Protein chains: 2
Amino acid sequence: MRSAVEPLKARRIYLLLRDRIIAGDLPPGTRLPGEPALAAEHAVSRVTVRRALDLLDKEGLVQRKAGSGTFVHDTRSVRPIVADLSNVLSHLIDMGRSTDVKLLSFGYGLPSEGIAESLGMKPGERVQRSVRVRLIDGVPFSYLTTHVPEWIGLTYSEAELAARPLLELIERSGVTTERATQAINATLAGPEAAAALDLEIGSPLLTLTRVVYEPAGRGVEHLHALYRPDRYSFHMDLVRTGNDGERRWSPALGWPRASDKGKADKTKPEKNKQGDKPTRAKRTTKQRS
Amino acid sequence: MRSAVEPLKARRIYLLLRDRIIAGDLPPGTRLPGEPALAAEHAVSRVTVRRALDLLDKEGLVQRKAGSGTFVHDTRSVRPIVADLSNVLSHLIDMGRSTDVKLLSFGYGLPSEGIAESLGMKPGERVQRSVRVRLIDGVPFSYLTTHVPEWIGLTYSEAELAARPLLELIERSGVTTERATQAINATLAGPEAAAALDLEIGSPLLTLTRVVYEPAGRGVEHLHALYRPDRYSFHMDLVRTGNDGERRWSPALGWPRASDKGKADKTKPEKNKQGDKPTRAKRTTKQRS
DNA sequence: GGAACCTGTATGATCGATAATACAGGTTGG
DNA sequence: CCAACCTGTATTATCGATCATACAGGTTCC
């Protein structure tokens with residue numbers, strides 16, 4: 001009967017080792033068990049173990065030395081960018097790193113039902129849809145799909161969208177934005193996002209869905225963002241609030257931030273090994289925040 | 001040369017359709033193109049398309065009717081649980097839904113380097129490590145790995161950990177917790193987490209890593225949580241703050257929450273079809289928060 | 001009823017992933 | 001130097017995923 005489409009064994013072992021490395025169970029510098037040992041441990045052939053190690057190697061998680069062994073690579077050099085809740089990269093820009101935006105798609109049309117509902121639009125109303133990719137130091141890290149009601153979208157041009165932050169353009173049109181809701185989740189990379197973010201299909205992605213409202217309560221922007229988790233993550237400081245029976249954590253508002261012990265700071269610009277696919281930009285423009 | 005371990009084609013098509021469904025591109029009720037059409041569109045055989053649809057069907061994203069077609073299932077019945085930033089499920093509990101905890105592992109030992117560093121421990125100091133699974137209405141949705149310095153862990157028993165929230169036990173030991181930092185990210189399910197959360201290996205997961213500090217700055221708890229994205233997501237309301245040049249989004253503190261338009265509310269308890277694996281609990285206890 | 005679509009199911013051929021095995025060459029430590 | 005490990009590489013065999021094709025049966029609509 002049904003054979004249950006088991007994912008590739010190599011991938012299974014890859015994920016297992018990857019988890020142990022990331023969880024710190026295999027600290028940087030550790031020598032992994034030899035390929036024959038791993039093969040025996042997981043009851044697979046050595047060829048399969050090698051493929052798993054190849055994947056880890058390609059991601060820079062391990063370093064292989066012929067004749068010597070396979071070692072866990074020092075992870076600290078590939079720490080992801082951290083952004084606070086508001087999804088602001090300001091301190092990165094302060095550090096002199098440049099963020100660019102590439103506009104992949106731009107057009108008008110009818111919104112899907114879910115978008116229309118969350119923007120509170122009447123049936124038949126049209127939206128502007130755009131797809132952008134954000135790069136930091138030339139490396140793509142987020143894939144943004146935005147939907148904006150047509151009457152706002154018409155106040156700026158395609159070129160302006162590629163050059164300025166969308167929220168700025170919206171506010172320039174006379175709309176004031178005050179409230180927003182957002183949800184953070186996880187998903188797998190589909191073909192388009194995978195290509196844009198230079199990933200394999202099926203890689204994990206962080207998602208952020210944000211809907212921005214104007215004071216009257218109508219939605220003015222629907223943002224769906226996909227982030228490479230190895231290059232981006234949400235970070236926040238919490239303080240314990242509330243009275244005895246109802247104690248909980250609340251985000252510590254307002255900089256200065258609490259824990260800046262020089263920990264995840266000197267994020268090196270990624271070694272950019274394997275010089276494949278120079279990511280020829282279709283339309284790239286400097287843009288802040 | 002290298003054949004690049006392309007993920008299974010069926011999985012590729014599955015992901016593609018899944019993205020379009022979740023993104024709202026294919027609204028609930030829509031009839032998908034026929035299997036022959038999809039096969040042609042993606043240049044694969046019909047058998048492969050069927051396997052992709054099988055996966056979507058198994059996840060409840062589509063519904064197939066012999067002779068009629070394949071339809072996008074009404075997604076609203078499988079909306080994920082929403083938790084606010086502080087990771088509190090209080091309003092769910094208020095709604096009468098029960099959360100249980102299953103303790104999978106408990107023990108003492110030396111921490112990995114990363115854990116030790118984030119807890120600010122001296123070399124040689126030991127930690128208590130525990131792995132728990134949280135269920136809501138009997139369905140697992142999170143996989144928690146916690147590390148606590150031994151001197152705190154010794155103040156409570158294994159049975160207590162299975163019955164009470166960890167932070168409560170820590171505070172009971174005399175430590176006051178005031179600050180914490182946390183990061184949200186995404187990853188793929190490894191074998192253990194996949195088994196515990198009733199998922200396929202390689203499924204996407206939300207991760208939350210939180211380190212809790214006592215006033216003196218020593219870490220007292222390291223929490224690594226994995227969440228099923230289809231059953232859990234982080235949600236927050238934002239307000240626009242800051243002066244002109246420095247406008248940004250800040251979390252809207254303090255309930256009452258802004259957007260409760262009865263949207264993601266009536267989350268039905270999941271149909272629990274396919275009665276396989278009755279999830280026999282090893283050690284299950286009611287627990288709040 | 002009947003044409004035209006659909007899903008469900010079965011078949012044998014093909015191709016890639018995996019297994020089992022063998023050997024070459026580097027590294028380490030006695 | 002040499003024994004004992006390691007990674008790198010190659011070979012052949014097997015098994016599962018995929019393909020191409022065909023047919024059965026349900027649904028829809030004219």
Side-chain angles (χ1 to χ4, degrees), chain A residues 1-17 21 26 29-73 191 200-202 273-274, chain B residues 1-17 21 26 29-73 191 200-202 273-274:
Chain A
M1 354 227 117
R2 90 196 213 316
S3 60
V5 183
E6 177 186 20
L8 311 181
K9 293 190 187 177
R11 190 170 181 84
R12 177 200 175 96
I13 297 176
Y14 153 74
L15 286 171
L16 186 118
L17 292 174
I21 292 174
L26 298 169
T30 312
R31 215 200 83 211
L32 294 184
E35 291 172 8
L38 285 174
E41 180 183 343
H42 299 100
V44 295
S45 88
R46 211 192 117 203
V47 188
T48 305
V49 167
R50 295 206 94 247
R51 279 232 289 277
L53 294 177
D54 284 343
L55 289 173
L56 291 170
D57 189 21
K58 215 172 78 178
E59 288 200 6
L61 284 173
V62 301
Q63 196 166 357
R64 314 172 85 173
K65 284 180 187 166
S68 177
T70 302
F71 300 85
V72 179
H73 190 82
E200 305 265 331
I201 292 175
K273 60 183 175 182
Q274 83 210 74
Chain B
M1 355 214 121
R2 89 196 215 313
S3 59
V5 183
E6 175 187 22
L8 310 182
K9 295 191 186 175
R11 189 170 183 84
R12 176 200 177 95
I13 296 176
Y14 154 73
L15 286 172
L16 187 125
L17 291 175
I21 291 174
L26 298 169
T30 311
R31 216 200 83 211
L32 294 185
E35 291 172 6
L38 286 174
E41 181 183 343
H42 301 100
V44 296
S45 87
R46 210 191 118 204
V47 188
T48 305
V49 167
R50 295 207 92 246
R51 279 231 289 278
L53 294 178
D54 285 343
L55 289 173
L56 292 170
D57 188 22
K58 215 172 76 179
E59 289 199 4
L61 284 173
V62 300
Q63 196 167 359
R64 315 172 86 173
K65 284 180 187 167
S68 177
T70 302
F71 299 85
V72 178
H73 190 83
E200 305 265 331
I201 292 174
K273 59 185 175 182
Q274 82 209 83

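The model shown is predicted, which means the values in this text are computed figures rather than measured ones. In what follows, chains carry the letters A, B, and so on, assigned in the order in which the sequence lines appear, proteins first and then strands, with residues in each chain numbered from 1.
- Every residue two or more places apart in sequence or in another chain that forms a side-chain hydrogen bond (donor to acceptor under 3.5 Å, both in side chains) with Q63(A) is listed here: H73(A).
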Please produce a list of atom pairs where a protein N or O lies less than 3.5 Å from an N or O of nucleotides 10-14 of chain C.
none

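- Note: CD (E35(A)) to C1' (dG8(D)) measures 8 Å, nearest angstrom.
- Of all heavy-atom pairs spanning L53(B) and V62(B), the tightest one is O-CG2, 4.1 Å.
- Distances shown here put every side-chain N or O of R50(B) at or beyond 4.0 Å from the OP1 or OP2 atom of dT7(C).
- Annotation: the span from T48(A) atom OG1 to D54(A) atom CG amounts to 11.0 Å, rounded to 0.5 Å.
- Per the geometry, CZ belonging to R46(B) stands 7 Å off P belonging to dT7(C), to the nearest Å.
- When rounded to the nearest whole Å, the span between CZ of R12(A) and P of dG16(D) equals 16 Å.
- The side-chain heavy atoms of V49(A) and V44(A), taken from C-beta on, include a pair separated by under 4.5 Å.
- At the phosphate of dC6(D), OP1 or OP2 sits under 4.0 Å from a side-chain N or O atom of R31(A).
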Please enumerate all protein N or O atoms sitting under 3.5 Å from an N or O of nucleotides 2-4 of chain D, with distances to 0.1 Å.
none

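- Considering only side-chain N and O atoms, K9(A) lies under 4.0 angstrom from the phosphate OP1 or OP2 of dA19(C).
- Atom-to-atom distance recorded for I13(B):CD1 and K9(B):NZ is 8.5 Å, nearest 0.5 angstrom.
- In this structure, CG of L53(A) is placed 9 Å from P of dG8(D), rounded to the nearest angstrom.
- Taking 4.5 Å as the limit, every side-chain heavy atom of T30(B) sits out of range of all side-chain heavy atoms of I21(B).
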For residues 32-40 of chain A, which side-chain N or O atoms pair as donor and acceptor with protein atoms under 3.5 Å away, sequence neighbours left out?
residue: E35(A); atom: OE1; partner: R46(A); partner atom: NE; Å: 2.9
residue: E35(A); atom: OE1; partner: R46(A); partner atom: NH2; Å: 3.0
residue: E35(A); atom: OE1; partner: R50(A); partner atom: NE; Å: 3.1
residue: E35(A); atom: OE2; partner: R50(A); partner atom: NE; Å: 3.4
residue: E35(A); atom: OE2; partner: R64(A); partner atom: NH2; Å: 3.0

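- Minimum interatomic distance between A52(A) and A10(A) (heavy atoms only, all atoms of both residues): CB-O, 3.5 Å.
- Counting heavy atoms from C-beta on, the side chains of Y14(B) and L56(B) come closer than 4.5 Å.
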Quick one: which protein N/O atoms are closer than 3.5 Å to N/O atoms of nucleotides 24-28 of chain C? Pair and distance per line, please.
residue: dG26(C); atom: N2; partner: G67(A); partner atom: O; Å: 2.7
residue: dT27(C); atom: O4'; partner: G67(A); partner atom: O; Å: 3.4

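- Rounded to whole Å, the distance from CG on L55(B) to P on dA17(D) is 12 Å.
- The distance from atom CG of L56(A) to atom C1' of dT7(D) is 15 Å, rounded to the nearest whole Å.
- Rounded to whole Å, atom P of dT7(D) lies 12 Å from atom CG of D54(A).
- Between atom CZ of residue R11(A) and atom CZ of residue R11(B) there is a gap of 7.0 Å, rounded to the nearest 0.5 Å.
- Contact annotation: S45(B) side-chain N/O to dT21(D) OP1/OP2 distance is not under 4.0 Å.
- Rounded to an integer number of Å, the gap from CG of L38(B) to P of dC5(C) is 16 Å.
- Once rounded to the nearest 0.5 Å, the distance linking CG of L61(B) with OG1 of T70(B) reads 12.5 Å.
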